[in-house]
Each structure stands twice: as C-alpha cells, then as structure tokens.
Amino acid sequence: MPQWQHITYSNQITTEHYGKQITVGGWVQDLRNLGGISFLQLRDREGVIQITSLKKKNKELFELVASLPRESVVLVTGMVKESKEARAGFEILPDRIDVLNRAEAPLPLGVVDKVGADLDTRLNNRFMDLRKEEVRAVFQVEAKAVEGIRQFLLGNGFVEVHTPKIVAAGAEGGSTLFPIKYFDRNAYLAQSPQLYKQNLMATGFDRIFEVAHAYRAEASDTIRHIAEFISLDVELAFIESSEDIMAVAEGIAVAGIEHVRAHAQKELEILGAKLESPSAPFPRVKYKDAVEIVKGQGMRIEHGEDLGTEGEKALGEYMKREKQCELYFITEFPTSLKRGTFYAKRFDDDPETTGYFDLDYRGQEIVSGGQREHRYAVLTEQMRENNLNLESFDFYLKGFRFGMPPHGGFGFGVERYVQKMLGLSNIREAVLYPRDRARLVP
RNA sequence: GCCCCGGUAGUGUAGCGGUCUAUCAUCCGAGCCUGUCGAGCUCGGGACUCGGGUCCGAAUCCCGACCGGGGCGCCA
C-alpha cells in the first residue's frame, strides 16, 4: 500500500486501534516540552492528535521532537494508547518520526497564536491561514451548499453547461469588462453568461445551469464586491412569468441551506453559525411596497429610485423584525430601473414595469433575474433604446429569429450567499484567493 | 470614482512634540520542569512604511507617494 493510503486520519482512530501501531501524518501545531515528557499536537485534515514522548523511553526521539519548529510536516508511527489526560481520549506513543519538511521560523502568520491577524495579512499568507479549521470550514460549507444546489437542479431536469469566459461582447455596459488580448484581436473576460444561456434556450436545452467565475471590472471597494466571483446561473424555457423563475431561485436557496444543515453540522459549529431552515415560499415584496417600507423606516427615497444599500439594509431589518424572514423577493422592478437590462421583459399591459426581481438575504442582494423578452422585434427595440450596436450582438439575436421559446433565469452569487449564511464580515472571507481592485496575488 | 479613517518587532497593539536607548501580548532563542492542552518560571531577541518639510528637538505636527480598513455609488 502506498504511504499516503497507509496514513490514518485523526478522526478514523477508534477504540479498535488502542494498543496497536498506526501511522499518522500532518503538521506540528504545537509543542510542549516539560523536561522529561513532551506533548506534540499534530494536526491533520480532520483534527488534532497528541503525540506523547518520554525522555527516559527514547532520548534520541525525544530530542528530535523537541527540536521541531511549529508547522513542520511529520509522519509519526507509534502505538495508540488510551489516555484520560489527552483531549481525544487517546494519544500516540511514537516509535518512529519521519520529518518530511522542517518549517522555517518565524511563521509569517501564526496558526494557533493567541493574537489575531488582519484579513490582509491572512490573505497574503492564505496557505497558512487555511490551516485554521475555522477558515477551512467556510469552504467546506460552500462546497456543501453548491452540492445541495446541484442536486436540486439535477433532480429537476436541469443540465449543467459551460459557456465561454473569453467573449467578444458583454451583456451589460462595456465599462465593467476586463479587456484581454486574444491572439491578434481584442476580447473580454465574461461578466456574465447571460447571452450564452439565453442562446441555449433556442437549442432544446430548455433547462440549464452553470457554476462558473464571472469577471467584473467595477471600481467597487466594498465588503461585498470582488472582481472574480462564482456566478451560479440558471435559465429555463416554456415559462409563463417571472414567478416560475422565482420558484426555482427559492428552491435553490432552500436546497443549499438544507444541505449545509444536514452535511456540514460540524463546520457550522466551528464557525458558531446558527442556520435555521428557511420557510418557503419566501415573501414577495413588490418594489413599490418596498419603497413604502423603506420610507416607513425613516429614510428618504422616492418611487423610481433605487433602494440603495441603506434602503436594502433597512428592508432586511424590517423583514426580519416584522416577518421573521431572512430571505425574501423584491419584485416588479420598474422599467426605469431596468432599462440597462435590455433583455428584461416588460409587462404587456404595463410597459413601465418589469417582472424582474431580486432575492435578498439579510438585507443583501444575492440573486437577480426574471423573465426575458423573447420576441425579436421587441428585444431589438429595447436594445436600440440603449443605443446598442445590434451588429455586435448578431450571434445572440439570431437565436431569437428561428424559434425562441419564452424563457427566463437568474444569476445567483455563491460567495454572497455563503457570506450571509455564515455572517462573514467580508466577502473575501468566502473566497480562497480573492481578486479585487487591489489584489492580484496570491 | 467620491468621502472618512489608519500604517509602530514575524503577528496584534500602546504611545500622538523632549521623560521613547518605544508599552504590552503573542512569537522566536537559551535554560528549568514527567501530564501539558491560553502550561508555568528565569534570561535573552526583535519594530516607528517611504520621501520632503516645520522645529533647538519628530514615532508624534504638515505635504506628497505607496499600502491598508470602512462607508457611498454600482452590483452577484
């Protein structure tokens, strides 16, 4: 058996192992040398094991242990012994220690130091930061959330697709596009799979989703913006209204949380996050009612204005307080606020209003979507309103001329979802290697 | 992009014109200790972002650069 398969994880050790020899491997988290006895806390993927050495039993081995700098990588082969003093209920008495890699000192960032570190320092040394279980737990939760969402979508007949991230034109304004060199031409990083997922609605793939990076060159320095984020995009055809889309968005939000609750209980505990089952259906608050609620909270806002960050927060507090609700839709956004979203379908009997919605989680937008305009003539008219050059959207528009069913969809911000779920103060905490206006490394 | 705030040992901080050969913790090194797990004890080590300026004197005040934090706009 290869060495890596021979290693026992800390959480796999049971009373069955007591009195037997095993091999464990990991990082030297901490070392206490009391003179005649020493305790090495060895951390692996799953937890921490105590390695107890006695000087009188093996002086050479004892001195080797004592010389190990923290965060060195070692393999320890020894006997598992039941112990009342050890936290895990057992400890390992080493027969052999292989030092695979000695760590330098001082560490750029302490893993178990009794002092904090700024997020910037942590991100600059992310590999060290990720040795902390509470940091890794965030990404375990994210993985479980996405797993739950995938299961939900696959179970409902959605097909997972992958669309290009190197594109010729953007779905929205050009200002938020990252230009790149594409051989001898200019191209951009995709800010959204919008045009492609709509194009796919004309193919027979009538229910699709994609989990992929999206790139936004927004000059936004906030705790909820990053230049590269995971967009979970959904599009489905043969719908009758934006309500059909909302039902899917709701299903996703519930599925992610429920899957995390069921499969990441340990991580939630580590993070101290209390995550309750959301009750569906989520409330639908029409934009015009949202304006009144925000006004009622003492804020100055007029109908037709964007709610703004503070308005969104105020609405979030209101929904929590009055409706005991953390997830809710803001629906029927006025056309005036969605004019840039040229593909948004306006109500036939009220062209000043769209079926577009946001899904907010604790006062923060995590989803935006709605029914699209699938009629070629109306769509091109709305694009002209935006002074768009129709020729550069040729591939997109062609899809509408030869059989395009009514459809709609949304984009779901995975990191924002996880951030809100866990109450993280900065979205960067929910990204392994975040990219923002200032950060390109690591 | 706009508006506030901040940059002091590896890490996190105190100090905010002279008493700073700069505080505390953590950390690192040497030593003592056979049950530690926020170990304890003794000794030692390590820092004022950079460039101008004001002043008898600058970590401290002013200007600029660079870096960081937060808010707003915008958005996932």
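In what follows, chains are A, B, ... by sequence order, proteins preceding strands, each numbered from 1.
If you check rU34(B), rU11(B), rA76(B) against the side chain of T121(A), the one that comes closest is rU11(B). Closest to the side chain of E365(A), from the set rC37(B), rC75(B), rC33(B), is rC75(B). Listed candidates were rC37(B), rG10(B), rA76(B). Nearest to the side chain of I427(A) is rA76(B). Of the candidate nucleotides rU36(B), rG10(B), rA76(B), rA76(B) has the atom nearest to the side chain of R216(A). Of the candidate nucleotides rC75(B), rG71(B), rA39(B), rG71(B) has the atom lying nearest to any side-chain atom of K313(A). Across rG73(B), rC37(B), rA39(B), the shortest atom-to-atom separation from the side chain of D30(A) is found for rA39(B). For T52(A), taking side-chain heavy atoms from C-beta onward, the closest of the listed nucleotides rC28(B), rG35(B), rU11(B) is rG35(B). Closest approach to the R70(A) side chain among rC27(B), rG69(B), rG73(B) is made by rC27(B) (side chain taken as heavy atoms from C-beta onward).
Distance, I51(A) CD1 to rU36(B) P: 18 Å, rounded to whole Å. Taking atom CD of residue Q364(A) and atom C1' of nucleotide rC74(B), one finds them 12 Å apart after rounding to whole Å. In this structure, the NZ atom of K132(A) is 10 Å from the C1' atom of rU11(B), given to the nearest Å. The nearest whole Å value for the distance from the CD atom in E85(A) to the P atom in rC37(B) is 12 Å.
A cation-pi arrangement is absent between K420(A) and Y361(A) under the rule of less than 6.0 angstrom and at most 45 degrees off the ring axis. With Y9(A) as the aromatic partner, R45(A) meets the cation-pi criteria of under 6.0 angstrom to the ring centre and within 45 degrees of the ring axis.
Along RNA chain B, the nucleotide nearest K81(A) and the nucleotide nearest F412(A) are compared for position; the residue whose nucleotide lies closer to the 5' end is K81(A). Along RNA chain B, the nucleotide closest to R439(A) and the one closest to G413(A) are compared, and the more 5′ of them pairs with R439(A).
The gap from the C1' atom of rA47(B) to that of rU60(B) amounts to 16 Å, rounded to the nearest Å. Nucleotides rG53(B) and rG69(B) place their C1' atoms 28 Å apart, quoted to the nearest Å. Taking the C1' atom of each, rC3(B) and rG73(B) are spaced 11 Å apart, rounded to whole Å. Using C1' as the reference atom, rG6(B) and rA59(B) are 14 Å apart when rounded to the nearest Å. If you take atom C1' in rG44(B) and the same atom in rC66(B), they sit 36 Å apart, rounded to whole Å. Taking the C1' atom of each, rU8(B) and rC67(B) are spaced 15 Å apart, rounded to whole Å. Rounded to whole Å, the P atom of rU13(B) lies 23 Å from the corresponding atom of rG38(B). A distance of about 40 Å separates the P atoms of rC32(B) and rC50(B), rounded to the whole Å.
Between the side chain of S220(A) and the base of rG1(B) there is no donor-acceptor pair of N/O atoms closer than 3.5 Å. Taking only distance into account, the side chain of T222(A) never meets the base of rC74(B) through a donor-acceptor pair shorter than 3.5 Å. For rU34(B), its base sits under 3.5 Å from the side chain of K56(A) at one donor and acceptor pair at least. Residue E91(A) places a side-chain atom within donor-acceptor reach of the base of rG35(B), judged by atom type and a 3.5 Å distance cut-off alone. Side-chain atoms of E312(A) come within donor-acceptor range of the base of rC75(B), with a qualifying N/O pair under 3.5 Å. Side-chain atoms of N426(A) and base atoms of rG70(B) include no donor and acceptor less than 3.5 Å apart.
When heavy atoms are screened at a 4.0 angstrom cut-off, K57(A) is found touching no nucleic acid atom at all. Here L34(A) lies in heavy-atom contact (under 4.0 Å) with a base. When heavy atoms are screened at a 4.0 angstrom cut-off, D120(A) is found touching the sugar-phosphate backbone but no base atom. Using a 4.0 Å heavy-atom criterion, one finds that V48(A) contacts no nucleic acid atom at all. The residue I223(A) sits close only to the backbone: its heavy atoms come under 4.0 Å of sugar-phosphate atoms, none of a base. Base contact: L54(A) has a heavy atom under 4.0 Å from a base atom. Among the protein residues, A86(A) comes within range of the nucleic acid bases, having at least one heavy atom under 4.0 Å from a base atom. Within 4.0 Å (heavy atoms only), E415(A) reaches no atom of the nucleic acid at all. Residue A117(A) is classed as a sugar-phosphate contact, given heavy-atom separations below 4.0 Å to backbone atoms only. Using a 4.0 Å heavy-atom criterion, one finds that R122(A) contacts no nucleic acid atom at all. Among the atoms of the strands shown, none is found under 4.0 Å from any heavy atom of G110(A). D118(A) comes within 4.0 angstrom of sugar-phosphate atoms only, judged by non-hydrogen atoms across all strands, and of no base.
In this structure, F209(A) and F158(A) have perpendicular ring planes: the angle between them is above 60°, well past the 30° mark. In this pair, Y396(A) and F393(A) present their aromatic rings perpendicular. The plane angle is above 60°, beyond the 30 to 60° band. Ring pair H303(A)/Y287(A) is perpendicular by interplanar angle, where above 60° counts as perpendicular and below 30° as parallel.
Under the Watson-Crick and G-U wobble criteria, each requiring two contacts below 3.5 Å, nucleotide rU54(B) is left unpaired. With a cut-off of 3.5 Å on both Watson-Crick or G-U wobble distances, the partner of rG68(B) is given as rC5(B). Base pairing of rU11(B): its partner is rA25(B), meeting the Watson-Crick or G-U wobble criterion (both donor-acceptor distances under 3.5 Å). Judged by Watson-Crick or G-U wobble contacts below 3.5 Å, the nucleotide rC32(B) has rG40(B) as its partner. Pairing partner, rG17(B): none, since no Watson-Crick or wobble contact has both distances short of 3.5 Å.
Judged purely by distance below 3.5 Å, without hydrogens or angles, the side chains of Q50(A) and E91(A) pair a donor atom with an acceptor atom. If you check the side chains of T23(A) and T77(A), you find a donor sitting under 3.5 Å from an acceptor. Judged by distance alone, the side chains of Y328(A) and R362(A) never bring a donor and an acceptor atom under 3.5 Å apart.
In this structure, K114(A) reaches the rC27(B) phosphate: one of its side-chain N or O atoms is under 4.0 Å from OP1 or OP2. Distances shown here put every side-chain N or O of N124(A) at or beyond 4.0 Å from the OP1 or OP2 atom of rC67(B). Listed pair R87(A) / rG38(B) meets the phosphate criterion, a side-chain N or O lying under 4.0 Å from OP1 or OP2. Side-chain N/O atoms of T309(A) include one lying less than 4.0 angstrom from OP1 or OP2 on rG73(B). Using a 4.0 Å cut-off, no side-chain N or O of K338(A) falls inside it from OP1 or OP2 of rC75(B).
Rounded to the nearest 0.5 Å, atoms CD (Q371(A)) and NE2 (H374(A)) are 7.5 Å apart.
Put simply, F229(A) rests on the base of rA76(B): the two rings are less than 5.5 Å apart at their centres and nearly parallel, under 30°.
In terms of heavy-atom proximity, G355(A) sits nearest to S242(A) at O-OG, 2.9 Å.
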